[in-house]
Participant: 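Before anything else, here's the structure in question.
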2 protein chains.
Amino acid sequence: MKIGKLAQLAQCTVETVRYYEREGLLAAPARTAGNFRLYGAAHIERLRFIRNCRALDMSHDEIRNLLALADRPAEGCGAVNAVFDQHIVHVDERIRELAQLKEQLSALRQRCAGEQAVDTCGILQGLAAMETEARHERHTHLG
Amino acid sequence: MKIGKLAQLAQCTVETVRYYEREGLLAAPARTAGNFRLYGAAHIERLRFIRNCRALDMSHDEIRNLLALADRPAEGCGAVNAVFDQHIVHVDERIRELAQLKEQLSALRQRCAGEQAVDTCGILQGLAAMETEARHERHTHLG
DNA sequence: GTACAACCTGAAGTTACTATAGAGAAAAGT
DNA sequence: ACTTTTCTCTATAGTAACTTCAGGTTGTAC
């Protein structure tokens with residue numbers, strides 16, 4: 001099958017497929033005489049795997065890692081578990097960060113009820129007065 | 001004061017300050033005879049405001065919006081509230097997305113307890129078998 | 001034979017910065 | 001006064017995971 005069909009089956013765009021090939025996530029397939037990419041069942045499986053990992057917000061590095069592990073069927077899957085556990089930690093951290101953010105935002109939001117002039121707006125005053133904190137370095141690739 | 005002092009007071013790097021100037025978030029200041037940027041109290045206030053917005057994970061577009069509103073003191077702050085409410089919605093959505101993600105990840109994680117070979121690993125099987133869903137377009141800039 | 005969709009490559013744009021290189025200016029030490 | 005160190009300047013490239021664009025080729029339908 002050609003790239004359009006593959007992309008459709010994996011629910012992504014053809015540009016994304018070509019991008020994954022450049023990135024080394026998806027092996028370069030055979031070509032037709034006219035230079036069109038020709039994919040088979042193995043490619044669908046691989047791409048689906050990648051897209052599912054992405055749906056779980058894994059980074060390309062994490063995915064590359066997982067794919068390499070999956071390609072050595074004889075080995076144990078302790079490493080797979082490790083990648084997964086690490087990723088779950090990332091997600092957890094980000095959820096906690098956002099929850100805290102939401103509290104701050106809600107507190108600020110309550111400082112302005114209605115339609116006063118902006119120079120007495122509690123939100124803007126709050127934003128100007130907040131204690132500026134150093135940028136927290138992020139330990140997760142999740143934004 | 002020069003850029004290093006300003007950056008220190010706002011808890012960011014000098015590169016970030018220069019970047020904000022290029023982006024139009026911070027007005028270009030006067031220069032010394034030696035071409036060094038010279039900042040005053042108004043710049044500190046402005047930069048603090050920006051950094052506080054960033055600490056709340058607002059995008060530059062949202063911040064630009066707020067700054068423009070704050071610069072028209074006579075007008076009502078309904079628009080400010082709107083920016084804020086919209087941003088809170090973004091954060092909420094992202095929290096829900098991540099919570100759902102975590103459930104999926106935990107469910108998958110339970111499919112592999114220990115050290116079997118990877119070709120029978122429940123996690124990898126799960127990743128290969130998951131129903132591939134179309135990439136949800138994001139309505140938030142939060143990762 | 002000609003219109004049109006699907007495909008090709010390569011490069012640039014996105015966000016909010018960070019990092020680097022190479023050079024000039026100012027401050028500190030002797 | 002001289003040297004060393006620190007600060008600042010501009011311009012450019014890199015980050016993640018794509019998307020978009022420009023310009024050209026192939027395949028297919030009528």
Side-chain angles (χ1 to χ4, degrees), chain A residues 1-26 28-39 43 47 50-65 67 87 90 94 134-143, chain B residues 1-26 28-39 43 47 50-65 67 87 90 94 134-143:
Chain A
M1 94 198 70
K2 284 182 292 184
I3 197 170
K5 190 73 196 298
L6 178 71
Q8 184 194 326
L9 288 176
Q11 298 276 42
C12 66
T13 69
V14 301
E15 288 84 10
T16 301
V17 176
R18 287 195 282 247
Y19 172 65
Y20 287 164
E21 184 181 322
R22 276 202 307 281
E23 286 295 290
L25 288 175
L26 201 58
R31 300 282 184 127
T32 68
N35 201 30
F36 285 15
R37 289 171 179 81
L38 268 189
Y39 297 96
H43 291 100
L47 183 53
I50 296 169
R51 293 307 291 172
N52 287 335
C53 288
R54 287 295 301 136
L56 296 173
D57 262 353
M58 291 183 196
S59 70
H60 282 187
D61 268 355
E62 287 173 320
I63 297 172
R64 237 185 297 273
N65 216 324
L67 285 171
H87 185 60
H90 287 169
R94 186 57 180 154
R135 187 84 178 129
H136 50 283
E137 5 154 1
R138 51 190 45 191
H139 5 249
T140 143
H141 62 275
L142 302 171
Chain B
M1 95 197 70
K2 285 182 291 183
I3 197 169
K5 190 73 196 299
L6 179 71
Q8 185 194 328
L9 289 177
Q11 299 275 42
C12 66
T13 68
V14 302
E15 288 83 10
T16 301
V17 176
R18 287 195 282 248
Y19 172 64
Y20 287 165
E21 185 180 322
R22 277 202 306 280
E23 286 295 290
L25 288 175
L26 201 58
R31 300 281 184 129
T32 67
N35 200 30
F36 286 14
R37 289 169 179 83
L38 268 190
Y39 297 97
H43 290 101
L47 183 52
I50 296 170
R51 294 305 294 172
N52 287 335
C53 288
R54 287 294 302 138
L56 296 173
D57 261 354
M58 292 184 197
S59 70
H60 283 186
D61 268 355
E62 287 172 320
I63 297 172
R64 236 185 296 273
N65 218 324
L67 286 172
H87 185 59
H90 287 169
R94 185 59 179 152
R135 187 79 177 136
H136 49 283
E137 3 152 0
R138 52 190 47 193
H139 4 250
T140 143
H141 59 276
L142 303 170

Participant: Are any of B:Y20's side-chain N or O atoms less than 4.0 Å away from OP1 or OP2 of C:dA16?
Facilitator: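 For C:dA16, OP1/OP2 do not have a side-chain N/O of B:Y20 under 4.0 Å.
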Participant: Report yes or no: does B:H90 contribute a side-chain atom to a donor-acceptor pair with the main-chain N or O of B:D57 at less than 3.5 Å?
Facilitator: no
Participant: Considering just the side-chain nitrogens and oxygens of A:T13, establish if one lies under 4.0 Å of OP1 or OP2 belonging to D:dC18.
Facilitator: no
Participant: So does A:S59 get a side-chain nitrogen or oxygen closer than 4.0 Å to the phosphate oxygens (OP1/OP2) of D:dA16?
Facilitator: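 For D:dA16, OP1/OP2 do not have a side-chain N/O of A:S59 under 4.0 Å.
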Participant: Could you state the CG-C1' distance from B:D57 to C:dA16, rounded to the nearest angstrom?
Facilitator: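 Rounding to the nearest Å, CG of B:D57 and C1' of C:dA16 are 11 Å apart.
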Participant: Expressed as a whole number of angstroms, how long is the span from B:L38:CG to D:dC7:C1'?
Facilitator: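 My rounded result for the distance is 13 Å.
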Participant: Please step through side chain to side chain contact (heavy atoms under 4.5 Å, CB included) for the pair B:L47 and B:L9, ending with a clear verdict.
Facilitator: CA-CA 9 Å; B:L47 183 52; B:L9 289 177; over 6 Å; no
Participant: Look at the side chain of A:R31 and decide which nucleotide, out of D:dC9, C:dC17, C:dC8, has an atom nearest to it.
Facilitator: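 Of the candidates, C:dC8 comes closest.
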Participant: Could you state the CG-P distance from B:L6 to D:dC7, rounded to the nearest angstrom?
Facilitator: 15 Å
Participant: Once rounded to the nearest 0.5 Å, what's the spacing between atom CG of A:N65 and atom CE of A:M58?
Facilitator: 10.5 Å
Participant: Can you tell me if B:R22 touches the phosphate of C:dT18, counting only side-chain N or O atoms and a distance under 4.0 Å to OP1 or OP2?
Facilitator: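 Negative; the distance criterion is not met.
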Participant: Tell me which of A:K5 and B:R64 sits closer to the 5' end of DNA chain C, going by the nucleotide each one is nearest to.
Facilitator: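 Its nucleotide being nearer the 5' end, the pick is A:K5.
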Participant: For the atom pair CZ (A:R31) and CZ (A:F36), what is the distance rounded to the nearest 0.5 Å?
Facilitator: 10.0 Å
Participant: Heavy-atom nearest nucleotide on DNA chain D for B:R37 versus A:T16: which residue maps closer to 5'?
Facilitator: B:R37
Participant: At less than 4.0 Å, is any side-chain N or O atom of B:Y19 found next to OP1 or OP2 of C:dT15? Yes or no.
Facilitator: no
Participant: Below the 4.0 Å mark, does C:dA16 have OP1 or OP2 next to a side-chain nitrogen or oxygen of B:H60?
Facilitator: yes
Participant: Mind calculating the distance between CE (A:M1) and C1' (C:dA6) to the nearest angstrom?
Facilitator: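 Rounded to whole Å, this separation is 16 Å.
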Participant: Is there any salt bridge (Lys or Arg N to Asp or Glu O under 4.0 Å) pair reaching into residues 14-26 of chain B, and which pairs are they, with sequence neighbours excluded?
Facilitator: B:E21-B:R37
Participant: My understanding is that only residues two or more places apart in sequence, or in another chain, count here; which of them pass side-chain contact (heavy atoms from CB on, under 4.5 Å) with A:T16?
Facilitator: A:C12, A:T13, A:Y20, A:R51
Participant: Take the protein atom CD of A:E21 and the nucleotide atom P of C:dC7, then report the distance between them rounded to whole Å.
Facilitator: 14 Å
Participant: In whole angstroms, how far is the P atom of D:dC7 from the CD atom of B:Q8?
Facilitator: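 It is 10 Å, rounded to the nearest whole Å.
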Participant: Report, as a single string ordered 5' to 3', how protein heavy atoms within less than 4.0 Å touch nucleotides 20-26 of chain C: B base, S sugar-phosphate only, - not at all.
Facilitator: ----BSS
Participant: How long is the straight-line distance from CD of A:E62 back to CZ of A:R54, given to the nearest 0.5 Å?
Facilitator: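 Answer for the CZ-CD pair, A:R54 versus A:E62, is 9.5 Å.
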Participant: Given atom CD1 of A:I3 and atom P of C:dA6, what is their separation to the nearest angstrom?
Facilitator: 13 Å
Participant: Rounded to whole Å, how long is the line connecting atom CG of B:L47 with atom P of C:dC17?
Facilitator: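 Whole-Å distance recorded here is 11 Å.
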Participant: Indicate the atoms forming the closest heavy-atom contact of B:L26 with B:I50, along with that distance.
Facilitator: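 Nearest heavy atoms, B:L26 then B:I50: CD1-CD1, 4.3 Å.
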Participant: Nearest to the side chain of B:R54 - D:dT10, C:dC17, D:dT19?
Facilitator: C:dC17
